[in-house]
2 protein chains.
Amino acid sequence: MKNYYDDCPLAYALNIIGGKWRMLILYHLMGGGLRYNQLKKKLCGITNIMLTRSLRELEEYGLVKRIQHSEIPPHVEYFITEHAEKLVPTLMVIAEWGKEQRLLEKGE
Amino acid sequence: MKNYYDDCPLAYALNIIGGKWRMLILYHLMGGGLRYNQLKKKLCGITNIMLTRSLRELEEYGLVKRIQHSEIPPHVEYFITEHAEKLVPTLMVIAEWGKEQRLLEKGE
DNA sequence: CTGTATCCAGTCCGATACTG
DNA sequence: CAGTATCGGACTGGATACAG
């Protein structure tokens, strides 16, 4: 997914939040922190690998914060950061748009 | 990119406008119609194959309209439809966010 | 509970050459 | 000008088993 980042902020952004799961993760975290398995349940169908990978990537970019409570059994919680929070309304618009789109398709 | 569309409108939407180029095409069409080669220039780096493919897909979903003028040499123009227009502000937000994100990364 | 390792599959994407 | 054909490569995503 390498692209002309420097010329186009949109391409740059999509490189970070694009991909199959990343926006979905941010979307589901908007309501507050979630634990690993809670998140997994919401993202119907995601595998451990993809969830872990995606979370790590989002963490690297500072979009997600990982909080580990020192307990046994382990208790880890994920939050979105302030900066990522700015994308939430956007994601909701896209979701809303998706609903309309689906209606259009079924209407035909 | 098959996913739990019916449960999650966001996933559904991303299935349509996700991918490497589709949002970028919509973004660049927001200013009005563009011809094939104009679009190609704006999307630095896109190949014929990908531009054509992406446009066809967007057309199928009713997000882009293709207008062919009967001339020689050919003259084809692409527009975004009203329904896709609703996504434009969203794309601008993401682009804006991308700018900030880049600053954050460079700042470190 | 929260992951990691390994290996594999499929999709997406692209370089190049060519066409009406 | 506006595309298509072909072939192949890269990369993303996944199944399964295992670990701290």
Side-chain angles (χ1 to χ4, degrees), chain A residues 1-5 8 10-26 28-29 33-61 64-79, chain B residues 1-5 8 10-26 28-29 33-61 64-79:
Chain A
M1 279 252 197
K2 261 136 210 166
N3 218 333
Y4 54 117
Y5 306 143
C8 181
L10 178 57
Y12 186 85
L14 290 178
N15 186 52
I16 295 172
I17 58 169
K20 185 163 178 178
W21 299 106
R22 300 204 276 244
M23 289 200 215
L24 289 168
I25 291 176
L26 294 178
H28 285 295
L29 283 179
L34 285 180
R35 299 177 65 162
Y36 185 88
N37 276 330
Q38 291 177 316
L39 204 44
K40 192 174 170 187
K41 249 169 243 159
K42 295 212 174 208
L43 297 161
C44 321
I46 196 171
T47 59
N48 282 334
I49 279 279
M50 289 314 297
L51 181 52
T52 302
R53 264 188 215 164
S54 307
L55 284 169
R56 292 287 173 279
E57 289 156 359
L58 290 171
E59 237 190 304
E60 273 178 32
Y61 282 109
V64 158
K65 198 129 206 113
R66 178 179 186 274
I67 308 252
Q68 173 159 15
H69 304 261
S70 302
E71 305 174 1
I72 292 180
H75 180 170
V76 179
E77 212 161 1
Y78 293 93
F79 300 85
Chain B
M1 276 253 197
K2 263 136 209 166
N3 218 335
Y4 53 113
Y5 306 144
C8 182
L10 179 56
Y12 185 83
L14 291 177
N15 186 51
I16 294 171
I17 58 168
K20 186 164 178 177
W21 299 106
R22 299 204 275 241
M23 289 200 215
L24 289 168
I25 290 175
L26 295 177
H28 285 294
L29 283 180
L34 284 179
R35 301 177 63 161
Y36 185 89
N37 276 328
Q38 291 177 317
L39 202 45
K40 191 173 171 188
K41 249 170 240 158
K42 294 213 175 204
L43 297 162
C44 320
I46 196 171
T47 60
N48 282 333
I49 280 281
M50 289 314 298
L51 181 51
T52 301
R53 265 187 215 163
S54 307
L55 284 170
R56 292 286 174 278
E57 289 156 359
L58 291 171
E59 237 190 304
E60 272 178 33
Y61 282 108
V64 159
K65 197 128 206 114
R66 179 178 186 274
I67 308 255
Q68 176 160 11
H69 305 260
S70 301
E71 304 174 3
I72 291 182
H75 180 171
V76 179
E77 211 161 1
Y78 293 93
F79 299 85

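Every chain is numbered from 1 and lettered A, B, ... according to where its sequence line falls, protein lines coming before strand lines.
If you measure from atom CD of Q38(B) to atom P of dA2(D), you get 8 Å, rounded to the nearest angstrom. For the pair E57(A) CD and dT4(C) C1', the interatomic distance rounds to 15 Å; values are reported in whole Å. With rounding to whole Å, I72(A) atom CD1 is found 13 Å from dT2(C) atom P. Between the CD atom of E59(B) and the P atom of dG3(D) there is a distance of 9 Å, given to the nearest Å. Atom pair N48(A):CG and dA5(C):P shows a separation of 13 Å (rounding to whole Å applied). Remark: C1' of dG13(D) and NZ of K20(B) are 17 Å apart, rounded to the nearest angstrom. Protein atom OH of Y78(B) is 8 Å distant from nucleotide atom C1' of dG3(D), rounded to whole Å. Between L51(B) atom CG and dC12(C) atom C1' the separation is 16 Å, expressed in whole Å.
Nearest nucleotide to the R56(B) side chain, out of dT4(D), dG20(C), dA15(C): dT4(D). When the nucleotides dC13(C), dT2(C), dC1(D) are ranked by their closest atom to the side chain of W21(B), dC13(C) comes out on top. Each of dG13(D), dG3(C), dG3(D) was ranked by its minimum atom distance to the side chain of V76(B); first place goes to dG3(D). Listed nucleotides: dT4(D), dG13(D), dA2(D). Nearest to the side chain of M50(A): dG13(D). Considering only the side chain of I49(A), dT6(C) comes nearest among dC13(C), dT2(C), dT6(C).
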Could you go through the side chain to side chain contact (heavy atoms under 4.5 Å, CB included) check for V64(B) and R56(B) one step at a time?
CA-CA 8 Å; V64(B) 159; R56(B) 292 286 174 278; over 6 Å; no
Please test L39(B) against L55(B) for side chain to side chain contact (heavy atoms under 4.5 Å, CB included), starting from the C-alpha separation and ending with a verdict.
CA-CA 10 Å; L39(B) 202 45; L55(B) 284 170; 4.0 Å; yes
Just do the side chain to side chain contact (heavy atoms under 4.5 Å, CB included) check on E60(A) and E57(A) with the steps written out, would you?
CA-CA 5 Å; E60(A) 273 178 32; E57(A) 289 156 359; 5.6 Å; no
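Checking Q38(A), H28(A), K65(A), R66(A) one by one against Y78(A), the side chain to side chain donor-acceptor pair (under 3.5 Å) holds for a single residue, R66(A).
Put simply, the side chain of R22(B) never gets that close to the backbone of L58(B): no donor and acceptor are under 3.5 Å apart.
Positionally, the nearest nucleotide of DNA chain C for R35(A) lies more toward the 5' end than for the other of I46(B) and R35(A). Comparing R53(A) and H75(A) by the nucleotide of DNA chain C whose heavy atom lies nearest to each, the residue mapping closer to the 5' end is H75(A).
T52(A) comes within contact range of at least one nucleobase, with a heavy-atom separation under 4.0 Å. Among the heavy atoms of the strands, none lies under 4.0 Å from R22(A).
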